[in-house]
Amino acid sequence: MVCELTIVIPTFNEKDNIAPLLQSLTRVLTGMNWEVIFVDDDSPDKTWELIQDIAQSNPAVRCIRRVGRKGLSSACIEGILATAAPYVCIMDADLQHDETIVPQMLKALKQESLDLVIGSRYVDTGGTGGLSAQRVRISKVATYISGLLLKHPVKDPMSGFFMFKRSYLEQILENLSIKGFKILLDMLVSSPAGLKYRELPYTMRQRSHGVSKLGTQVIWEFFLLFADKLFGRTLPVRFISFTVIGLSGVLVHLSVLWLLYRTGATNFIPAQALATITAMTSNYVLNNYYTYGDRKLTGWGFVYGLVSFYLACSLGAFINIAFAGWLFGMNITWWLAGFLGAMAGAVWNYAVTAIFTWREIGKGQN
Ligand SMILES: Nc1nc2c(ncn2[C@@H]2O[C@H](COP(=O)(O)OP(=O)(O)O)[C@@H](O)[C@H]2O)c(=O)[nH]1
Ligand SMILES: [Mg+2]
């Protein structure tokens, strides 16, 4: 019989967790027809190599190694689309998710003909066990905000541990954003009102080895996911992120200017020049981390990227001033001319840096 359950596990630097995880899964799933697909984003610790070694002797283990791409949600989707099994489970590689409830999840899906079963920390006996107090706080705030926007009253929409019918996922595939970290949240926002789901309690464990990838970038991505749902049809969400960071650049600029000029450290022109360079650099670093976290430039790529960013933005500033000056000359009121000039510069900067600075790897090669 074909495989009934595929467990999709995204990995990034999880080498030490793979063997214990496979052992635990094998123990609890004995007698079932299952396989596991690891989706590894070319981990520097070579997690993919270890998985490939194991896969040589274990046909229930597969590995998708993605090169030049990053992102938890897109990794999960690639794993899901690589299987024909009717049921798919998503879980972390770090042993934080309690694999002993996997058979229960499958049973509930089948017997109650549900679309989705969520491993939940916030129902009945569930718990956040191994999470630090700060992580619990972040998770609760994110859960609260999502609760305001979700049509399904799910208690733990931030869960990274859930199982679903593949046919259900295929129905909503076109509606997904596939951005960021929270694939379950994305699925819930994209599901019709009649979604049949249930939450099963589990207690989260502490990470066994390796480190969490959750940082401020994930929080930013959380908001971008909503921005994409709200405005995604009209405005690319990267542009929204780029513009918000651009506004932060204005603050950086004015702070440096104040520091150098108002305190009398330098004359106005050097102060203005240094403020411009500092703001451009801070915009570059923030965009590299937040707007283009999935194609983050590192090493020499970071340096080349910075130079191309300076060049693009210098031209952007020129376009901004020239356009605003032209509008002002056409008797457009000062603030509107100024605003439209700044927007023209922002659109230029966004478009040019998207093409030259954070080029999509592999594009144009096939
Ligand atoms: N393929 C892939 N996996 C990732 C990425 N970021 C995190 N992961 C994996 O996704 C799972 C959840 O990440 P984790 O760091 O444990 O997040 P936390 O549980 O919220 O602290 C782990 O198995 C990570 O190895 C990524 O960019 N690509
Ligand atoms: Mg984890």
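If you read the sequence from its start, that first residue is 1, and numbering goes on from there. Being a predicted model, the structure only gives us computed values, none of them experimental.
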Are H152 and Y197 close enough, and set up right, to give a side chain to side chain contact (heavy atoms under 4.5 Å, CB included), and what steps lead you there? CA-CA 9 Å; H152 309 97; Y197 72 92; 4.0 Å; yes
Are any of the side-chain nitrogens in E14 or R207 under 4.0 Å away from the carboxylate oxygens of its partner? yes
For the hydrophobic clusters of this structure (ILVMFWY residues joined by side-chain heavy atoms under 4.5 Å, transitively), does one cluster hold both V123 and L185? no
I'd like to know if D40 pairs up with K15 as an ion pair, taking the criterion as any Lys NZ or Arg NE/NH1/NH2 lying under 4.0 Å from an Asp or Glu carboxylate oxygen. no
Distance-only, no hydrogens or angles: does the D294 side chain make a donor-acceptor pair with backbone N or O of G71 under 3.5 Å? no
Would the distance check show the side chain of N58 and the main-chain N or O of A60 forming a donor-acceptor pair, the cut-off being under 3.5 Å? yes
I7, L114: one ILVMFWY side-chain cluster at the under-4.5 Å cut-off? yes
Which of parallel (below 30°), tilted (30 to 60°) and perpendicular (above 60°) describes W358 and Y284? parallel
Stepwise, does the side-chain hydrogen bond (donor to acceptor under 3.5 Å, both in side chains) test hold for T357 with S308? CA-CA 6 Å; T357 310; S308 72; 2.9 Å; yes
Heavy-atom distance under 4.5 Å between the side chains of T353 and N287, does that happen here? no
So, does T266 use its side chain to make a donor-acceptor pair with the main chain of Y261 at under 3.5 Å? no
Scan side-chain atoms only and decide if Y122 and S139 contain a donor-acceptor pair under the 3.5 Å cut-off. yes
Determine the minimum heavy-atom distance between N283 and G246, stating which atoms define it. ND2-CA, 3.9 Å
Do V189 and I77 land in one hydrophobic cluster if side-chain heavy atoms of ILVMFWY residues count as linked below 4.5 Å? yes
I18 side chain near T11 side chain, heavy-atom distance below 4.5 Å: yes
Side-chain donor/acceptor of R62 to backbone N/O of A82, under 3.5 Å: yes
ILVMFWY cluster, W335 and M343 together (side-chain gap under 4.5 Å): yes
In this structure, CZ of R359 is separated from CG of L297 (nearest 0.5 Å) by 9.5 Å
Is the side chain of D228 donor-acceptor paired with the backbone N or O of S177 at a distance under 3.5 Å, no angle test? no
pair V8-F38: side-chain heavy atoms closer than 4.5 Å: no
Under 3.5 Å, is there a donor-acceptor pair between the R65 and S43 side chains? no
Does the side chain of T243 pick up a donor-acceptor pair with the side chain of Y350 at under 3.5 Å? no
Between the side chain of T30 and the main-chain N/O of T26, is any donor-acceptor distance below 3.5 Å? yes
d(E170 CD, F164 CZ) to nearest 0.5 Å is 9.5 Å
Using modelled atom types only, decide if a donor and an acceptor are shared between the side chain of R198 and the backbone of V117 within a distance under 3.5 Å. no
K107 atom NZ, neighbour heavy-atom count above 12 within 6.0 Å: no
Are any of the side-chain nitrogens in E4 or K110 under 4.0 Å away from the carboxylate oxygens of its partner? yes
Minimum side-chain heavy-atom gap L257-Q272 below 4.5 Å: yes
How long is the span from the CZ atom in R262 to the CZ atom in F268, to the nearest 0.5 Å? 11.0 Å
Quick one, S212 with R135, criterion side-chain hydrogen bond (donor to acceptor under 3.5 Å, both in side chains). Give me CA distance, side-chain angles, the key distance, then yes/no. CA-CA 11 Å; S212 165; R135 283 291 304 270; 3.3 Å; yes
Which is it for F222 and I145 under the side chain to side chain contact (heavy atoms under 4.5 Å, CB included) test, yes or no, and what are the steps along the way? CA-CA 10 Å; F222 171 76; I145 298 172; 4.2 Å; yes
Can you tell if the side chain of I9 reaches within under 4.5 Å of the side chain of D92, non-hydrogen atoms only? no
Determine the minimum heavy-atom distance between A275 and V256, stating which atoms define it. CA-CG1, 3.7 Å
Examine distances only and state if a side-chain atom of H253 and a backbone atom of T278 form a donor-acceptor pair shorter than 3.5 Å. no
Assigning hydrophobic clusters by single linkage (Ile, Leu, Val, Met, Phe, Trp, Tyr; side-chain heavy-atom cutoff under 4.5 Å), is L259 placed with M280? no
Is E99 salt-bridged to R27, going by a charged N under 4.0 Å from an acidic O? no
Can you classify the ring geometry of F161 versus H97 as parallel (below 30°), tilted (30 to 60°) or perpendicular (above 60°)? parallel
Side chains of V237 and L225, heavy atoms from C-beta outward: is any pair under 4.5 Å? no
Nearest-0.5 Å distance that lies between atom CG in L21 and atom CG in L95: 5.5 Å
Heavy-atom side-chain proximity of T281 to Y310 below 4.5 angstrom: yes
Work out which heavy atom in G119 is nearest to a heavy atom in D156; give both atom names and the distance. O-OD2, 4.0 Å
Walk me through it: do L22 and I54 pass the test side chain to side chain contact (heavy atoms under 4.5 Å, CB included)? CA-CA 10 Å; L22 280 173; I54 297 172; 3.9 Å; yes
Check whether any side-chain N or O of E199 sits under 3.5 Å from a backbone N or O of K155 as a donor-acceptor pair, and report yes or no. yes
side-chain contact (heavy atoms from CB on, under 4.5 Å) with S191: which of I172, L116, L169, D115? I172
If you round to the nearest 0.5 Å, how far is OG of S73 from CD1 of I178? 8.0 Å
Side chain D98, main chain T100, donor-acceptor under 3.5 Å: yes
For F356, does the CZ atom have more than 12 heavy-atom neighbours from other residues, nucleotides or ligands under 6.0 Å away? no
Aromatic rings W326 and F323: how do their planes relate, parallel, tilted or perpendicular, breaks at 30° and 60°? parallel
Rounded to the nearest 0.5 Å, how far apart are NZ of K182 and CG of L188? 12.0 Å
List the steps and the verdict of side chain to side chain contact (heavy atoms under 4.5 Å, CB included) for R69 and R66. CA-CA 6 Å; R69 275 177 296 161; R66 306 198 307 167; 3.9 Å; yes
From CA spacing to verdict: side-chain hydrogen bond (donor to acceptor under 3.5 Å, both in side chains), W34, T6: CA-CA 6 Å; W34 64 284; T6 296; over 6 Å; no
A side-chain contact here means heavy atoms from C-beta on lying under 4.5 Å apart; do I245 and Y289 qualify? no
Counting only heavy atoms not in W348 (residues, nucleotides, ligands), do more than 12 fall under 6.0 Å from its CH2? no
Looking at F12, is K70 sitting on its ring face, NZ or CZ under 6.0 Å from the six-membered ring centre and within 45 degrees of the normal? yes
